[in-house]
Amino acid sequence: MSQTSLTASESEALEQFSYDDAIVRLFVTATIFWGFVGTSIGVLVSVLLVMPSISDMFRSDIGAMLSFARLRPLHTNAAIFAFAGNAIFAAVYYSTQRLCKCSMWSWTLGRLHFWGWQAIIVVAAVTLPMGITQGKEYAEMEWPIDLAIAVVWTLFFGVNFMMTLLTRRERHLYVSLWFYIATIVTVTILHVFNNLVFPTGWSKSYSLFAGVQDALMQWWYGHNFIAFFMTIPFLGLMYYFLPKAADRPVYSYKLSIIHFWSLVFIYIWAGPHHLHYTALPEWASTLGMLFGVMLWMPSWGGMINGILTLRGAWHKVTTDPVLKFFVVGITFYGIATFEGPMLSIKSVNALSHYTDWTIAHAHSAALGWNGFMTFGMIYWLLPRLYQTKLWSTKMAEWHFWIGTIAILLYIIPIYAAGITQGLMWRSLKPNGDLMYSFLDSLQQIIPFWWTRVGAGSLYVFGVLMLAFNALMTWMSRPSKYDVPVYSVPRFSKTYDDPEIPKSGLAGTPVLELAAKLDALSKFDWHRRWERLPVRFTIAIMLAVLFASALELLPIFLIQSNIPTIATVKPYTPLELAGRDIYVAEGCYNCHSQMIRPMVAEKLMFGEFSKPGESIYDHPFQWGSRRIGPDLARIGVRQQSGLWHWKHFEHPSVISEGSVMPNYRHLLEERLNYQEIEKRVRAAQFLGATYAFDLKDSADVARKQAEKVTAEIITQGGPVEYNGHLTKDSTVIALIAYLQRVGTDLFKPEESAAPAPAQAPEARNTEARNTEAPMAVSISQ
Amino acid sequence: MSSTTDPNPTNIPLGHAYDGIHQYENPIPGWWKQLFVITVLIAPLYLLYFHVGAPGRSIQEQFQAAMDQNQRKKYADLPLLTADAATLMKFKDDVKWTEVGQVIFETNCASCHGAEGAGVIGPNLCDENYKHIKKITDITKVINEGVAGGAMPAWSTRIPNQNDIIMLSAYVASLRGTNPAKPKGPDGSPIAPWSADE
């Protein structure tokens with residue numbers, strides 16, 4: 001860093017600083033690296049879907065890690081936290097310093113942030129394939145990692161950012177910074193509340209919430225994570241890098257104010273539209289839909305401001321790959337934010353939910369909007385960060401075209417797959433019978449999945465081109481980076497806001513209210529806010545917390561929202577162990593446990609799910625996609641333990657055309673009974689009641705395992721497997737759980753009387769699939 | 001190594017310039033405002049229609065109505081049947097009704113007996129060998145009551161409509177002598193052809 005010689009009086013008046021671009025270089029490099037990793041794992045899981053038998057070629061414990069269900073969370077978390085996350089940080093660190101005319105407040109915190117975040121990603125990448133998971137989408141990482149995220153995000157990143165705002169030398173905060181503030185505040189709130197868990201060890205915890213409550217909390221989180229991690233910060237990125245790259249003023253200041261605040265106020269409410277037709281109370285679902293529809297224009301406000309900023313610069317788009325990426329990125333944002341509100345409409349969602357439509361929607365947003373905005377930003381940054389020319393503009397052009405084709409090749413077949421499957425599920429014959437089986441619908445869409453393998457690979461190839469271009473640009477960097485030192489006048493502590501001009505209506509014969517509204521709509525008041533970052537931050541926080549409280553609290557506090565069912569009892573110790581396997585294996589990635597009140601669903605899967613049925617489910621496992629059939633009534637539909645045993649051993653042999661991988665490792669491994677007491681104690685802490693001494697948990701579990709195994713053997717199953725008795729297999733616990741799922745609703749009320757200790761014996765009480773939801777008592 | 005003055009030029013059209021970025025004060029498009037207002041106004045209307053307690057509009061009520069209608073369709077022109085041999089013999093050769101049985105079979109039985117009845121975990125239902133069946137009415141009995149220690153569960157509780165059970169039995173009877181793609185080896189022993197004798 002160079003020092004300029006200044007006279008004493010000059011140095012008093014001027015302050016000197018330089019930008020920390022080294023941190024931006026780190027984040028850009030990480031973005032490219034994780035972008036490659038995240039998309040490659042995406043291709044890997046897409047291959048595993050069409051060729052699930054790949055895991056057969058490995059030893060069962062290795063093959064266990066090569067299942068779609070264990071790796072899909074790795075793909076989503078890598079795309080969100082690693083790729084998008086590092087891209088956001090690169091954008092924030094580069095633009096914030098320039099927008100505030102100052103250096104980052106602490107360069108050390110910046111390094112702690114960078115290395116802390118990368119460490120989190122690495123730990124997640126190791127633990128997720130091992131089945132260490134919280135079992136909630138995009139919140140899979142276990143609690144120690146969550147704590148680390150909270151620390152790195154809030155203390156290292158958030159504090160550094162806020163302190164930079166407070167030490168800025170620019171009076172007003174530019175639009176991008178509003179979006180960054182909203183990101184930091186809201187992600188913190190979402191992350192903390194959705195990850196409230198009861199740990200039973202370093203690698204296992206239970207959500208504090210269950211069933212309906214957990215589902216609402218999760219999709220409040222999931223929806224708003226998409227909003228405040230994948231949308232809001234990228235709009236901030238757009239507001240900085242797009243006008244810079246196009247060298248054009250932003251189209252409308254007023255529009256940016258309105259669409260920013262309307263996004264902040266409305267987004268938070270819309271989460272429940274991910275739970276239409278589920279056991280969530282209908283009023284909450286309606287709120288989610290109505291606010292979802294309202295989001296359409298606020299979202300498009302960002303698109304309009306982006307696209308119209310290019311007015312007068314369209315000729316540049318033809319020659320500049322950066323602008324091409326931005327234009328297509330913003331277009332995909334427009335498509336996705338039209339589709340989002342559309343999918344939040346209940347009747348549309350009835351078709352799309354649980355199908356690939358959601359997957360296509362998510363990828364048009366992730367590959368198109370997040371991916372392309374990031375690539376555009378990186379291509380713009382590379383020459384500036386490495387202080388040389390971009391190695392090959394032509395290659396960047398090629399990346400753009402290959403990437404665009406890849407996205408279209410990905411989403412069009414997957415949209416087709418989603419709609420095909422949705423329509424097949426609901427097709428009925430004239431006599432009211434189902435037209436197709438679940439497997440029919442699955443077979444129909446597998447060809448579309450094959451095209452996705454190709455499209456995904458093409459997209460990864462594009463990322464590799466970016467990586468190569470970045471590497472070659474880095475190679476031609478100067479031997480020493482030039483770090484300019486800027487001198488600017490000291491930031492005066494006092495400031496007089498310009499007089500707010502009187503409304504033109506003042507003094508005219510209109511109501512005072514009209515005059516006030518007129519003045520309000522001129523947004524001069526907002527100009528004052530823009531120089532008050534603390535007040536601005538608090539306003540966002542209040543908006544988010546207020547909406548969250550109004551929507552979440554009634555579900556948590558008013559009991560009539562979740563009518564209890566007398567016959568629904570806590571899981572037995574063995575079933576708890578089995579449920580933990582279900583969660584660890586990530587079964588929810590392919591199987592829902594939530595039958596919607598629809599004719600075709602009832603015919604295909606059984607009686608629709610009731611809110612009171614999942615009150616002991618920590619976490620809830622309703623799922624969001626049916627790659628396999630719904631399992632909410634699996635205990636009613638498939639009682640045969642032998643069937644489950646053989647099915648886990650060779651799913652596609654038992655169920656021809658199935659794409660489920662084998663779960664041989666569950667047959668080969670022995671269940672650790674010592675762990676069971678901890679699980680039971682956790683369940684008791686979270687509200688389950690048990691009549692036996694919890695110290696005997698393992699014995700109670702053993703007894704039930706013997707009973708389950710005896711049945712399997714009677715039905716013709718093996719007595720021994722892989723050198724141990726069948727009853728010691730891990731899978732016995734999972735089978736016990738599956739035989740229980742969805743059966744309580746149909747149990748006669750009397751059988752509820754024996755203490756849960758006898759539940760294993762009571763389990764085989766015949767489930768009754770009658771029309772009337774029996775024994776449903778509503779306690780107010 | 002250079003030193004510059006203020007990196008941000010300060011020619012300011014709107015009074016705002018940040019790192020060289022300016023902002024126009026263009027008006028917000030009218031259609032944007034109108035659509036926004038419309039999407040907001042839909043909310044109270046929707047709430048009024050669906051959430052003030054008018055009967056028949058909740059999701060569950062709509063579902064119940066649709067389900068009732070669906071259930072009436074299938075056996076609209078059929079009385080409640082009895083599972084005697086004559087009835088089963090009649091329906092096993094009636095394609096219109098074996099198709100009904102086939103759907104019930106595919107939903108409930110295919111996971112163990114295979115989609116074509118060729119047998120997977122459960123026995124092959126297409127050959128001449130049977131484990132627990134001697135005559136056609138035994139099919140209904142096995143379906144209703146279950147056998148083999150729960151491996152074949154009792155379906156009477158799961159499929160409450162007796163006509164469903166009869167159509168299913170008739171369909172199973174009709175499978176005998178078909179040639180599925182991958183038949184499981186024979187289970188049990190050969191039995192006499194189906195007959196209407198009780």
Side-chain angles (χ1 to χ4, degrees), chain A residues 2 4 98-99 101 170 172 174 240 243-244 249-255 258 277 282-283 286 290 293-294 296-298 300-301 304 431-434 437 482 484-488 597-599 602-604 608 636 638-640 642-643 646 654-656 711 714-716 766-771, chain B residues 1-8 13-16 18-29 32 35-36 39-40 42-43 46-47 50-51 58-60 63 66-67 69-74 99-100 103 106-108 110-112 114-115 120-121 148-151 153-154 157-160:
Chain A
S2 74
T4 42
R98 284 155 175 91
L99 292 170
K101 274 190 207 159
E170 183 74 73
H172 295 91
Y174 176 62
Y240 180 83
K244 287 297 262 185
V250 170
Y251 172 73
S252 171
Y253 166 64
K254 205 188 261 182
L255 180 58
I258 295 193
Y277 297 98
E282 201 176 336
W283 64 263
T286 293
L290 295 175
V293 171
M294 270 183 237
W296 179 19
M297 280 305 118
W300 271 21
I304 294 169
N431 73 356
D433 275 339
L434 285 175
S437 72
D482 185 19
V485 175
Y486 299 103
S487 307
V488 293
M598 293 173 185
V599 172
K602 165 141 186 174
L603 295 176
M604 199 178 274
F608 73 91
V636 179
Q638 186 51 273
Q639 272 284 323
S640 164
L642 178 64
W643 184 89
K646 293 210 161 189
I654 299 305
S655 195
E656 209 182 330
E711 246 175 52
T714 324
Q715 296 170 2
E766 278 309 336
R768 223 159 292 178
N769 189 8
T770 48
E771 295 299 317
Chain B
M1 303 281 164
S2 74
S3 166
T4 25
T5 47
D6 186 346
N8 301 333
L14 230 186
H16 322 171
Y18 307 87
D19 193 26
I21 301 173
H22 300 266
Q23 287 164 302
Y24 281 139
E25 187 62 308
N26 280 312
I28 299 169
W32 186 91
L35 276 174
F36 192 15
T39 56
V40 173
I42 285 172
Y46 184 95
L47 285 169
F50 285 101
H51 286 274
S58 77
I59 285 177
Q60 288 199 19
F63 162 70
M67 201 65 221
Q69 202 194 1
N70 172 276
Q71 290 299 299
R72 277 196 298 273
K73 270 185 202 165
K74 204 160 48 170
E99 274 180 4
V100 170
V103 170
E106 281 170 358
T107 309
N108 299 290
S111 62
C112 291
V120 184
I121 285 194
T157 50
R158 294 175 173 80
I159 305 175

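Residue numbering restarts at 1 for every chain, and letters A, B, ... go by the order of the sequence lines.
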Donor-acceptor contact present, side-chain A:Asp433 to main-chain B:Val103, <3.5 Å: no

Between A:Ser252 and B:Glu25: side-chain donor-acceptor atoms closer than 3.5 Å: no

Contacting moiety of B:Ile21, where chain A heavy atoms sit under 4.5 Å: side chain

Minimum side-chain heavy-atom gap B:Tyr46-A:Leu290 below 4.5 Å: yes

Pairs of heavy atoms under 4.5 Å with chain B: top-ranked of A:Leu434, A:Leu642, A:Ile654: A:Ile654

Structural part of A:Trp643 lying under 4.5 Å from a heavy atom of chain B: both

From B:Ile28 atom CD1 to A:Ile304 atom CD1, the distance as rounded to the nearest 0.5 Å: 9.0 Å

Donor-acceptor contact present, side-chain B:Trp32 to main-chain A:Met297, <3.5 Å: yes

Close side-chain approach of B:Met67 and A:Met598, heavy atoms under 4.5 Å: no

Interchain contact, A:Met294 with chain B, by part (heavy-atom threshold 4.5 Å): both

Distance in Å, A:Tyr251 OH paired with B:Gln23 CD, rounded so as to fall on 0.5 Å steps: 14.0 Å

Part of A:Tyr240 lying under 4.5 Å from any heavy atom of chain B: both

Heavy-atom check, side chain of A:Thr286 versus side chain of B:His51, under 4.5 Å: yes

Rounded distance (nearest 0.5 Å) linking atom CH2 of A:Trp283 with atom CG of B:Leu47: 11.5 Å

From A:Leu255 atom CG to B:Asn26 atom CG, the distance as rounded to the nearest 0.5 Å: 9.5 Å

Parallel, tilted or perpendicular, as decided by the 30° and 60° cut-offs, for the rings of A:Phe608 and B:Phe63: perpendicular

Under 3.5 Å: donor-acceptor pair, side chain of A:Glu282, backbone of B:Ile59: yes

Sidechain N-carboxylate O distance under 4.0 Å for A:Lys101, B:Asp19: no

From B:Cys112 atom SG to A:Gln715 atom CD, the distance as rounded to the nearest 0.5 Å: 8.5 Å

Interchain contact, B:Phe36 with chain A, by part (heavy-atom threshold 4.5 Å): both

Stepwise side chain to side chain contact (heavy atoms under 4.5 Å, CB included) test for A:Leu603 and B:Gln71: CA-CA 10 Å; A:Leu603 295 176; B:Gln71 290 299 299; 4.0 Å; yes

Side chain to side chain contact (heavy atoms under 4.5 Å, CB included) assessment of B:Tyr18 paired with A:Arg98: CA-CA 8 Å; B:Tyr18 307 87; A:Arg98 284 155 175 91; over 6 Å; no

Nearest-0.5 Å distance, CG of residue A:Asn431 to NZ of residue B:Lys74: 7.0 Å

